[in-house]
Amino acid sequence: MAVRRRKLRSGTVLLGGMGVLAATLTACGSEPDRRCVDPKTHKVLPDYKCDDDGTGRYYYGGHVSSGKVTDGSFDKSAVDRGGFGSGSGSGGG
């Protein structure tokens, strides 16, 4: 008795490939993390403190340790967005 293998339809393979492509493009185009931060102390603040009349500024990328941010930037364009196949975010402080 011969064993028959079922062939996948090319449409199924195409759809699977499109899903991988969509996930890759979404990851590459994602925005860096944004946190409201005190510009002098780099302490994380509630988002409402970054409103027009607030004392905070948005800080992009970086990491939070003990309530303070590091390794990011107040300049959004200076932060590497990361995504598929890239390193972690970086930028000047």
Side-chain angles (χ1 to χ4, degrees):
M1 182 179 259
V3 177
R4 289 186 166 178
R5 291 185 182 220
R6 206 169 88 182
K7 292 183 179 180
L8 291 175
R9 292 183 175 180
S10 60
T12 303
V13 174
L14 178 63
L15 289 176
M18 295 295 283
V20 170
L21 178 61
T24 301
L25 291 175
T26 301
C28 290
S30 64
E31 293 290 317
D33 288 340
R34 178 177 86 165
R35 297 171 182 86
C36 186
V37 172
D38 182 305
K40 293 179 184 176
T41 65
H42 286 216
K43 287 186 179 181
V44 177
L45 301 172
D47 281 338
Y48 71 86
K49 294 280 189 171
C50 282
D51 290 341
D52 292 336
D53 57 349
T55 57
R57 289 182 52 206
Y58 282 113
Y59 190 88
Y60 299 92
H63 308 280
V64 178
S65 178
S66 300
K68 292 186 177 186
V69 292
T70 57
D71 300 329
S73 177
F74 287 106
D75 180 6
K76 181 179 178 180
S77 64
V79 178
D80 179 16
R81 287 193 250 290
F84 186 77
S86 67
S88 62
S90 62

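Just so it is clear, the values below take in all heavy atoms, side chains as well, and ignore hydrogens, waters and symmetry mates. Remember, predicted model here, so these are calculated numbers, not experimental data.
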Apply side chain to side chain contact (heavy atoms under 4.5 Å, CB included) to Lys76 and Arg34, showing your working. CA-CA 9 Å; Lys76 181 179 178 180; Arg34 178 177 86 165; over 6 Å; no
Output for pair (Cys36 SG, Asp47 CG), nearest 0.5 Å, gives 6.0 Å
Does the pair Tyr60 and Val37 meet the rule for a side chain to side chain contact (heavy atoms under 4.5 Å, CB included), with working shown? CA-CA 10 Å; Tyr60 299 92; Val37 172; over 6 Å; no
Which heavy-atom pair separates Gly61 from Pro32 by the least distance, and what is that distance? N-CB, 4.2 Å
Using only atom types and a distance under 3.5 Å, with no angle test, would you say the side chain of Arg35 pairs donor to acceptor with the backbone of Pro46? no
Report whether Val44 and Phe74 are members of the same hydrophobic cluster (ILVMFWY, side-chain heavy atoms less than 4.5 Å apart, transitive linking). yes
Mind checking the NE2-CZ spacing from His42 to Arg57? Nearest 0.5 Å is all I need. 8.5 Å
Does Tyr58 reach the main-chain N or O of Cys50 with its side chain, forming a donor-acceptor pair under 3.5 Å? no
